[in-house]
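No hydrogens, no waters, no symmetry mates; every other heavy atom, side chains included, goes into these values. Numbering starts at 1 and runs along the sequence shown.
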Amino acid sequence: MSRVAVIFAVAAAALGAVTGAVHATPVEEAPVYAIDNYPYQKAPALKQWRSVLERSAADEAQADPDNCDDGAPELECAAKAAHLLEENLKEKTPVEQIYGVYSYFNAIQWKEHGLGCTEDCWATRLQFIARRYGDCGDHALAEYFTLKRLGFQERDLQLIVAQLPGYEDSFKGGHVVLRVASGGKYYILDNRRTDVTGLKGLDKYKVLA
């Protein structure tokens, strides 16, 4: 991600935001707001979030995994892969599901979106699987949608917007990870790592929201 401001709005609107100064509110105590209560309803990133919600719902409803034939059509085959992942994980414990989802999506190549990121540039889960590449936001969103389908509640899934080390300009060095709550513990799913970590995994970042 090259622009924290864009990701900030979707994270705040969709899954959670820190009110006031970041240092005043521990990450694990960040409140969660419903999207309709977000005060900046016309923010471009909020439109992008609504777009990815609508397109994700349409993809999941329309893509028939039974139509997948030797890799085509791509969306149907992505649905087949996603459903197989869910089937393999549905009887696992929540922690095993977290690790399984992270391992699956973290194997997909990272590739940053270009400068012309429009309202529809964020990939749906099935688009992400079909393309086999995406940026940190695509990784986090795919993990979010999959864990939600496995039964995790929205309150347990929050996007954490952060800034990579070495950047002073708040519009540069942006990064996003998924924070998952389960059994009284927090798990950070970060595509810049090769393992799931706890909240300590945020220590090297400047947490923005």
Task: Within 6.0 Å of NZ in Lys204, more than 12 heavy atoms from elsewhere - done: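 Yes, because the 6.0 Å sphere around NZ of Lys204 holds more than 12 heavy atoms from other groups.
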Taking atom [atom1] of [X] and atom [atom2] of [Y], what is their separation to the nearest 0.5 Å?
X      : Y      : atom1 : atom2 : answer
Lys90  : Gln97  : NZ    : CD    : 11.0 Å
Tyr186 : Ile98  : OH    : CD1   : 12.0 Å
Leu147 : Glu86  : CG    : CD    : 10.0 Å
Leu53  : Phe145 : CG    : CZ    : 5.0 Å
Asp59  : Ile129 : CG    : CD1   : 10.5 Å

Which atom pairs, one a donor and one an acceptor, fall under 3.5 Å between side chains of residues 60-68 and the rest of the protein, sequence neighbours left out?
unit_1 : atom_1 : unit_2 : atom_2 : d
Glu60  : OE1    : Arg125 : NH2    : 3.2
Glu60  : OE2    : Arg125 : NE     : 3.0
Glu60  : OE2    : Arg125 : NH2    : 3.1
Asp64  : OD1    : Asp66  : N      : 3.0

- [ ] Please identify each residue that fulfils side chain to side chain contact (heavy atoms under 4.5 Å, CB included) with Lys111, with sequence neighbours left out.
- [x]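 For Lys111 the side chain to side chain contact (heavy atoms under 4.5 Å, CB included) partners, ignoring immediate neighbours, are Tyr133.
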Please check: side-chain N/O of [X] versus main-chain N/O of [Y], any donor-acceptor pairing under 3.5 Å?
X      : Y      : answer
Arg55  : Trp122 : yes
Asp69  : Ala72  : no
Gln158 : Arg179 : no

Quick one: are [X] and [Y] in side-chain contact, heavy atoms under 4.5 Å?
X      : Y      : answer
Glu143 : Val180 : no
Asp138 : Asn191 : no
Trp110 : Asp135 : yes

TODO: Might you point out which heavy atoms bring Leu89 and Glu96 nearest each other, and give the distance in Å?
DONE: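 Distance-wise, the nearest heavy atoms are CD2-O, 4.2 Å.
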- [ ] List for me each residue that meets side chain to side chain donor-acceptor pair (under 3.5 Å) alongside Asp156, sequence neighbours excluded, and say none if there are none.
- [x]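 Listed in chain order: nothing, the list is empty.
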Could you list the donor-acceptor pairs under 3.5 angstrom formed by side chains in residues 75-85, with sequence neighbours left out?
none

Indicate every side-chain donor-acceptor pair of residues 100-109 with a distance under 3.5 Å to a residue at least two apart or in another chain.
unit_1 : atom_1 : unit_2 : atom_2 : d
Tyr102 : OH     : Asn106 : ND2    : 3.1
Tyr102 : OH     : Asp190 : O      : 2.9
Tyr102 : OH     : Arg193 : O      : 2.9
Tyr102 : OH     : Asp195 : N      : 3.4
Tyr102 : OH     : Asp195 : O      : 3.3
Asn106 : ND2    : Arg193 : O      : 2.8

Open item on the list: Walk me through whether Val177 and Leu202 qualify under side-chain contact (heavy atoms from CB on, under 4.5 Å).
Closed with: CA-CA 9 Å; Val177 303; Leu202 296 174; 4.0 Å; yes
Open item on the list: Using the ring pair (Phe, Tyr, Trp, His ring centres under 6.0 Å) criterion, which residues pair with Tyr205? Sequence neighbours excluded.
Closed with: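 Ring pair (Phe, Tyr, Trp, His ring centres under 6.0 Å) check on Tyr205 returns His175.
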